[in-house]
Amino acid sequence: MSRLLMKGNEAVVHGALTGGATHFFGYPITPASEIAHAAARYFTASGRTFLQAESEIAAINMIYGASSAGARSMTATSGPGLSLMAEGLSYLAGAELPAVVVDVQRAGPGLGNIWPEQSDYNATVKGGGHGNYSNIVFAPNSAQEMCDMTRKAFALADAYRMTVIILSDAYIGQMMEPVNIPETVTFSKRKDWAVYGDAESRENLIVSILMSTLQQSNHNEHLQEKYRRLEETCIEYEEFGIKDADIVLVSFGICSRLCHTVAMTLRKEGYRIGFFRPKTLFPFPKKAINRLAEMKKPLAVVELNTGMMADDVELSIKGQSEILRYNWLGGQMPTVKELAIKVTDDLGKLRKAGFGGKS
Amino acid sequence: MIKHKKPTAFYETFERKGHNDTSTHYCPGCGHGTVHKFIAEAIDDLGVKDQVVFLSPVGCSVFAYYYFDAGNIQCSHGRAPAVATGVRRVHKDAVIISYQGDGDLAGIGTSEIIHAANRGENITVFFVNNAIYGMTGGQMAPTTLNGQKTLTTPLGRDPGRDGLPIGMAEIMNAITAPVYIERVSLSSTKGVLKTRKAVRKGLKNQIDGRGFSFIEILSPCPVNWKMDPVEAREWIAGNLEPVFPITCFRDACSQDQKDSQIAVEHSVESDQIPFMDDKELVSLLKVDALIPNLEILNLEEDQLVKIAGFGGQGVLSGGVLLAKCGIAEGIHATWLPSYGPEMRGGRAYASVILANDEIGSPVVDEPNVLIAMNGPSLDAFEDDVVPGGFILVNSSIATRKVKRDDVSVLYIPASDIAKKEGLTAAANVVLLTIYLKHKGIMSTETLRKIIPVSVTRKKFINTNLRIMDKALEYYDNNVRI
Ligand SMILES: Cc1ncc(C[n+]2csc(CCOP(=O)(O)OP(=O)(O)O)c2C)c(N)n1
Ligand code: SF4
């Protein structure tokens with residue numbers, strides 16, 4: 001197996017091209033720009049299309065066009081650009097067009113800074129734009145997953161005719177790790193709904209306006225039904241050390257790398273720490289998390305935001321266990337040591353309150 | 001007026017509008033219907049019905065897909081030129097029509113139209129200028145005339161507050177790429193005939209692959225102007241035309257225009273690289289791949305390395321070399337840079353972790369190896385090093401000694417060693433070589449194999465390898481005991 005050392009951001013492009021992507025439209029923004037750089041290099045060299053758009057608004061609408069035309073297309077951005085894409089994302093959802101959008105999160109609101117936050121959770125997992133819609137949201141935590149999840153995103157986007165968002169962050173995008181490049185290229189079949197500019201597709205219409213309230217209502221029901229179907233087919237998560245755990249660390253993206261180290265380190269010291277990581281944030285692994293709560297495991301949700309995923313965890317467990325919210329903002333990240341101390345401190349408090357205990 | 005038979009580019013009945021409907025949704029006397037008809041006729045006459053991809057905007061013509069028997073895409077407000085760009089990049093032969101109103105194109109969508117024009121997209125834009133927002137009930141448009149009363153200018157447009165009406169054809173004419181820019185008017189029979197011709201020319205240009213065509217059509221909106229259809233046409237002639245002159249601004253495809261060649265050349269497609277097949281693609285993506293040694297290294301201790309120095313000292317690339325060595329040895333490696341604006345200030349560092357097992361956090365807060373390439377980075381990170389750790393100092397630049405006594409330290413004049421070989425920038429290679437050697441992390445031969453596949457400026461490969469030799473020589477003579 002040959003391995004390549006590359007940034008998570010570059011791995012996105014390898015995943016995209018082997019996932020059958022043919023069109024990339026983007027606008028530069030730190031810390032996502034390396035995706036555009038790598039796309040400019042590899043999409044162009046392989047006879048695919050890379051185009052620098054005049055804005056993120058234009059980029060998402062170019063995707064709207066390319067996707068309407070049947071192509072697998074994508075863009076990559078960070079917070080401010082994501083905000084500009086909100087209308088486009090809503091249109092894509094309404095018109096049921098497949099698209100792949102990578103968000104390498106930085107700190108906000110406003111211009112914020114370029115260090116990692118996970119504060120676009122609500123803006124992506126809860127839709128972001130107007131109307132009743134959702135996106136599939138993947139949360140990679142390594143360069144390999146940046147590649148693999150992007151690759152998979154194209155197949156899912158086509159299968160469900162919806163946007164798949166790769167919700168990354170500044171560290172996962174900027175860090176380099178070895179990546180195994182997929183050996184095959186998945187491809188996009190001709191879509192019977194797309195507009196190809198030929199006789200066969202002449203009857204096709206891409207539209208998100210539905211003037212009758214009943215039609216609009218039915219369309220919404222159809223979308224909701226599609227999202228429910230995802231819960232049966234698309235949920236992915238990773239866990240370890242649950243059975244004997246006195247506390248379970250719940251996290252995604254860069255925080256899950258930290259939690260992984262903390263859990264392993266503390267386990268060596270005799271603490272019983274569990275680890276749970278949603279890989280899909282929408283659909284959210286509600287059942288799997290609820291099962292932890294049924295086992296009365298206290299859940300420490302570690303995030304670089306104000307507790308956005310913790311809200312989803314809370315909804316999932318219906319009050320059946322304790323939730324601790326560990327939050328860092330502004331691009332700050334705890335060190336492994338800081339996080340470990342917080343966890344062991346809280347374990348002590350939990351024990352006093354009658355939860356679990358160190359053997 | 002021109003033809004009585006319904007063009008086949010229109011549906012026979014408008015099922016999308018309502019069962020068996022044959023009338024449009026436009027108000028009596030509205031210009032949209034006329035423009036639609038000319039487009040449909042031209043599509044028929046040019047024989048391109050199957051290729052047409054019709055983009056409808058947000059505005060009264062949002063429902064153009066009720067009528068055009070073509071591939072239809074309804075776009076968000078103002079963005080049709082970007083959508084058209086997306087379609088164009090996928091289908092080279094589609095005949096793409098971007099149909100837009102003045103709120104859509106001259107208001108919310110100025111950015112998209114300007115940049116599509118500037119790229120010389122091979123598309124045809126029909127810009128229906130009725131000096132008002134029709135669909136939303138008659139508010140001011142960017143093209144609304146001075147003093148014109150609308151719902152949002154009840155006392156009339158005030159140029160002091162609202163600016164002057166905007167001439168989009170004139171703006172298009174400031175851009176080099178478009179091949180055809182004309183403003184026409186539906187005010188008179190003559191104008192209508194000219195409009196019909198302009199519509200055809202705009203589509204023909206695209207079919208011939210010539211580039212971006214822009215046709216602005218002054219068009220009546222009797223309802224929101226609060227006039228009857230006849231008055232409305234007169235109002236165009238008397239009021240709109242003086243502000244928006246009826247002119248052919250550019251026709252690069254006709255013989256007599258000097259600037260024609262520039263525009264046409266500008267719009268020639270450049271996307272010529274052939275589409276690689278899957279195998280070629282995968283090998284393109286793997287050009288720089290490393291094949292790890294069969295025998296996997298076993299580290300005595302995970303290496304949490306911080307390399308720090310000025311930007312330009314090879315801090316980040318040194319980290320990459322080290323991480324690649326790890327991969328070549330079959331172990332796990334991560335590299336995390338400092339990045340962004342602060343790099344320009346000259347403070348750069350990279351965190352590199354080499355480990356036997358999967359690596360959790362890539363952040364190195366407490367390194368067991370610090371490679372300090374200058375004084376400030378020694379100041380910044382000395383205290384973070386774990387007791388028993390190792391500090392490697394570039395003593396050519398960092399002149400002070402390490403204060404800690406619970407770490408091991410080596411002072412190496414790395415920049416001097418590299419400079420002697422004519423490549424000061426390779427001080428990082430000196431330090432890496434000595435680090436690997438001194439700590440016995442792995443054979444320095446691994447680094448020797450990595451350098452040729454990593455150094456971007458190929459002419460410096462040999463210098464780098466020579467500098468490795470000099471570093472080892474220095475180590476043997478001065479450090480090894
Ligand atoms: C983002 C957004 N903002 C506002 C609107 C509301 N809106 C719909 S049509 C329109 C104006 C259309 O005017 P114009 O482009 O001149 O076309 P006309 O109706 O006159 O043909 C506006 C503002 C919208 N649909 N989307
Ligand atoms: S409101 Fe004006 S532009 Fe809209 S359909 Fe009526 S006349 Fe035409």
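What you see is a predicted model; the values in this text were computed from it and never measured.
B/Arg119 places a side-chain heavy atom less than 4.5 Å from the side chain of A/Glu54. Side chains of B/Leu285 and A/Thr18 form a contact here, defined as non-hydrogen atoms less than 4.5 Å apart. B/Val320 has its side chain within reach of A/Met176: a pair of non-hydrogen atoms, C-beta onward, lies under 4.5 Å apart. Contact annotation: the side chain of A/Leu51 approaches that of B/Thr85 to within less than 4.5 Å [non-hydrogen atoms, C-beta and beyond].
Of the atoms belonging to B/Phe68, not a single heavy atom falls under 4.5 Å from chain A. Contacts of A/Tyr196 with chain B are made by both backbone and side-chain atoms, with heavy-atom separations under 4.5 Å. Looking at A/Tyr42, the atoms closer than 4.5 Å to chain B (heavy atoms on both sides) sit in the backbone and in the side chain alike. For A/Ser55, the part sitting under 4.5 Å from any heavy atom of chain B is the side chain, from C-beta outward, and nothing else.
In this structure, the side chain of A/Thr261 engages the main chain of B/Ser361 through a donor-acceptor pair within 3.5 Å. Side-chain atoms of B/His91 come within 3.5 Å of backbone atoms of A/Ala69 as a donor-acceptor pair (strictly under, hydrogens ignored).
Geometric assessment of A/Arg48 against the ring of B/Phe275 yields a positive cation-pi assignment under the 6.0 Å and 45° thresholds.
Contacts of A/Glu177 classified as salt bridge (Lys or Arg N to Asp or Glu O under 4.0 Å), with partners at least two apart in sequence or in another chain: A/Arg257. Not counting sequence neighbours, B/Glu358 has no partner by the salt bridge (Lys or Arg N to Asp or Glu O under 4.0 Å) test.
With a 6.0 Å radius and a threshold of 12 heavy atoms from other residues, nucleotides or ligands, B/Asp93 has its CG atom at or below the threshold. Sparse packing is recorded around OH of A/Tyr27, with 12 or fewer heavy atoms of other residues, nucleotides or ligands lying under 6.0 Å away. Surrounding CD of A/Gln332 are at most 12 heavy atoms belonging to other residues, nucleotides or ligands under 6.0 Å away.
Using a cut-off of 4.0 Å between Lys/Arg side-chain N and Asp/Glu carboxylate O, B/Asp365 and A/Lys337 are scored as not salt-bridged. For the pair B/Lys279 and A/Glu183, the salt-bridge criterion is not met [side-chain N within less than 4.0 Å of a carboxylate O].
Listed here is the closest heavy atom pair of A/Phe25 and B/Arg89: CE2-CG, 4.2 Å. Residue A/Arg202 comes nearest to B/Tyr11 through the heavy atom pair O-OH, 4.5 Å, listed as atom of the first residue, atom of the second, then distance. Heavy-atom minimum distance, A/Leu17 versus B/Leu281: O-CD2, 3.6 Å. B/Leu284 and A/Ser46 get closest at one heavy-atom pair: CD2-CB, 3.9 Å. Shortest non-hydrogen contact noted between B/His77 and A/Tyr91 is N-OH, 4.2 Å.
A donor-acceptor contact closer than 3.5 angstrom is absent between the side chains of A/Thr184 and B/Asp278.
Under the side chain to side chain contact (heavy atoms under 4.5 Å, CB included) test applied with A/Ile206, the options B/Val53, B/Asn72, B/Ile73 reduce to a single match, B/Ile73.
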